[in-house]
Amino acid sequence: MPATSSNSATNTPDYEVIIIGAGVCGIYLSYKMRELGFNFTVLEAGDDLGGTWYWNRYPGARFDSESYTYGYSFSKELLDEWSWSEHFAGQAETEQYLHYVAKKFDLRQHMQFNSKVKSATFNESSSYWTLLTEDGRTLTTQYLLTAIGMLSAATMPKIAGVETFQGQSFHTYNWPKERINLEGKKVAVIGTGATGVQLISEIADKVADLTVFQRRPNWCAPLHNSPIDNDAQTKIKASYDEIFARCKKTPGGFIHGPDRREYSEVPEKDRLEFWEQLYSSPGFGVWLGNFRDVLMDETANAEYTQFIAGKIRERVKDPATANKLIPTDHGFGSRRVPLETRYYEAYNRDNVHLVDINETPIEQVTPKGITTSKTDYEFDIIIYATGFDAITGAFDRIDIIGESGQSLRDKWRDGPITFLGLQTTGFPNLVTLAGPQSASVSTNFPRGIEESVDWTANLLKHMRDNDYKSIRPSLDAEREWTEHVKSMYEGGLASTTKSWFTGYNSNVEGHDILRYMVYFGGALKYRERLAEIVESNYQGFELK
Ligand code: NA7
């Protein structure tokens with residue numbers, strides 16, 4: 001057990017609410033907790049706020065959703081004051097935005113940085129949580145709200161010799177704050193997910209030589225980013241109500257929603273015209289604005305997939321390289337679609353080389369570079385764009401101990417089990433914002449998060465107003481929700497494809513099985529369900 005809390009003598013916890021994480025979710029949570037007058041604090045592992053936008057400083061990091069659909073919607077004043085400079089803002093601007101929000105609402109006073117939580121233990125007699133930080137501090141709280149990010153547990157590949165490399169090497173998530181000089185350098189990138197694709201596109205013409213080690217290619221499509229000029233800025237600011245209303249109507253919480261026409265009812269010529277239009281439009285329309293059956297029906301998906309493959313062949317000059325960049329193990333859209341800016345054109349450059357590690361596997365990292373079954377490569381810099389132990393990974397890295405000494409890590413070993421992705425039995429007073437099986441992790445994050453935070457804030461207010469001290473889901477509610485989450489995986493092409501949506505990660509032991517990580521029912525259904533729960537006086541939860 002951690003050392004005794006400072007207030008244990010009075011049997012009141014140090015805080016009513018502790019929030020772990022000062023990213024997009026934690027910032028809004030702290031705004032709401034302050035608004036409601038709770039005694040709370042935010043514990044953040046980093047030395048500043050920003051979460052995803054604090055850590056991911058790799059070259060090319062930017063939004064794939066329109067900036068003005070990503071920012072917070074809760075303050076009209078904030079919407080009026082802040083001007084995004086690009087339709088899809090980069091990391092630095094987004095970090096500045098979050099700093100601006102924290103300053104405007106004076107939220108920093110509630111945040112403790114360099115405060116990595118090591119463990120959280122539930123005390124059954126008091127219904128309090130006791131947290132221990134890595135630097136040895138103990139804090140107690142009635143409610144524990146996690147805002148620890150869905151992609152915040154970065155994973156390195158299990159390759160022999162990684163630690164022996166004598167040049168510089170980074171995981172993209174842990175990209176240093178100081179400027180890294182890439183000019184004139186021989187650089188390796190391992191990984192071609194959304195991160196690798198942004199990074200490769202950005203650095204291809206800046207480094208002397210770039211070698212990309214690819215295991216499975218993804219279906220990528222153009223982002224079509226551009227600056228926001230004064231006219232566009234004025235229009236955006238005047239139409240925020242419509243923008244957010246539109247996001248509320250789509251299953252993904254983006255401005256792009258599915259085309260309701262049946263794919264088979266649209267003549268082939270019109271389909272192709274429509275697809276050309278999607279391909280040349282900015283953002284996720286190419287994925288989420290398509291006919292619904294493209295993501296559900298194998299025939300429709302195969303035709304669209306061929307259309308996109310054709311685009312890759314048009315853009316990559318060398319047919320052998322184009323073939324390597326075309327996925328063969330999954331159709332378009334069944335994994336997260338990376339949006340790119342001249343990604344495919346990067347491979348037309350003489351200084352960029354693509355290594356398919358299925359043909360020539362990586363054997364080891366050496367002091368000088370990387371050895372495959374065929375070649376000894378020498379590099380100055382190795383970049384690992386190898387992704388995350390998604391969604392549950394951040395929970396697994398904290399010792400979360402609930403009733404009867406049960407650990408959350410053990411409970412979720414074969415996959416998460418939750419009610420609404422917000423609570424799990426055996427862990428009262430723990431609310432997992434952006435937790436597994438919630439809609440926030442499968443939709444435009446800030447849109448989902450604002451709703452979950454509002455819902456949670458109302459719940460805590462309800463608890464306080466009615467003098468309740470603990471909340472937990474019932475076993476039946478948890479079972480029913482987890483089954484519902486599983487049923488939403490049926491029929492969709494994404495559920496049969498290995499990706500972080502389905503919980504696979506080759507770099508984490510035990511994560512080579514299907515795990516039901518996200519809510520595929522969409523933001524609308526999720527929102528309805530949250531509202532029903534409130535209307536039914538929190539049916540499915542036990543409040544005491
Ligand atoms: P992703 O999408 O999980 O991509 C990770 C990439 O790294 C992917 O191409 C993996 O190949 C590759 N990878 C992982 N481990 C290895 C090993 N051991 N050897 C070779 N290649 C490997 O993470 P990202 O950071 O790109 O994107 C995460 C999300 O951030 C993204 O969806 C956005 O929402 C924002 P694989 O495909 O598994 O064969």
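As the structure lists them, so they are numbered: ligands from 1, and atoms in each ligand from 1.
Among protein heavy atoms, the minimum distance from atom 25 (O) of ligand 1 is reached at T195 OG1, 2.6 Å. If you check which protein heavy atom lies closest to atom 15 (N) of ligand 1, you get N507 ND2, 2.9 Å. Protein heavy atom nearest atom 32 (O) of ligand 1, with residue, atom name and distance: W500 NE1, 3.0 Å. Of the protein's non-hydrogen atoms, the one nearest atom 9 (O) of ligand 1 is T192 N, 2.9 Å. The protein heavy-atom contact nearest to atom 20 (C) of ligand 1 is I357 CD1, 3.5 Å.
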(request) May I have the step-by-step check of side chain to side chain donor-acceptor pair (under 3.5 Å) for R215 and N358, ending in yes or no? (result) CA-CA 6 Å; R215 187 165 65 185; N358 302 295; over 6 Å; no
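Near G191, with a cut-off below 4.0 Å to any heavy atom, the atoms of ligand 1 are 6 (C), 7 (O), 9 (O), 12 (C). The ligand atoms of ligand 1 that sit less than 4.0 angstrom from a heavy atom of I190 are 20 (C), 21 (N).
Checked against the 6.0 Å centroid threshold, W481 and Y519 count as a close aromatic pair. Ring centroid separation for the pair W84 and F63 comes in under the 6.0 Å cut-off.
A donor and an acceptor atom, one from each side chain of D389 and W500, are nowhere located under 3.5 Å apart.
D376 has no carboxylate O lying under 4.0 Å from a charged side-chain N of K368, or vice versa, which leaves the two without a salt bridge. For the pair E378 and K186, the salt-bridge criterion is not met [side-chain N within less than 4.0 Å of a carboxylate O].
For Y173, no heavy-atom contact with ligand 1 is shorter than 4.0 Å. At a heavy-atom cutoff of 4.0 Å, ligand 1 is contacted by no atom of N505, backbone or side chain. Heavy atoms from both the backbone and the side chain of R216 come within less than 4.0 Å of ligand 1. Contacts between D64 and ligand 1, counted as non-hydrogen atom pairs separated by less than 4.0 Å, are absent for every part of the residue.
Atom CZ in F244 sits 7.0 Å away from atom CD in E450 (nearest 0.5 Å).
Between I513 and D414 there is a side-chain heavy-atom pair separated by less than 4.5 Å.
Between Q214, R215, M156, it is R215 that holds the heavy atom closest to atom 11 (O) of ligand 1. Relative to atom 37 (O) of ligand 1, the option among K158, H330, M150, R335 with the closest non-hydrogen atom is R335. For atom 8 (C) of ligand 1, the nearest non-hydrogen atom from the set P157, G193, G387 belongs to G193. Heavy-atom proximity to atom 30 (O) of ligand 1, evaluated over T52, L151, N218, I159, is greatest for L151.
For A385, a nitrogen or oxygen atom sits less than 3.5 Å from a nitrogen or oxygen atom of ligand 1, counting backbone and side chain alike.
Classified by interplanar angle (parallel below 30°, tilted 30° to 60°, perpendicular above 60°), the ring pair Y304/F307 is parallel. Taking the six-membered ring where the residue is Trp, Y70 and W53 present perpendicular rings, their angle passing 60° and hence far from 30°.
Note that R57 lies in the cation-pi zone of Y54, set by a 6.0 Å cut-off to the ring centre and a 45° limit from the axis.
Residue contacts with ligand 1 leave out K498, since none of its heavy atoms falls under 4.0 Å from the ligand.
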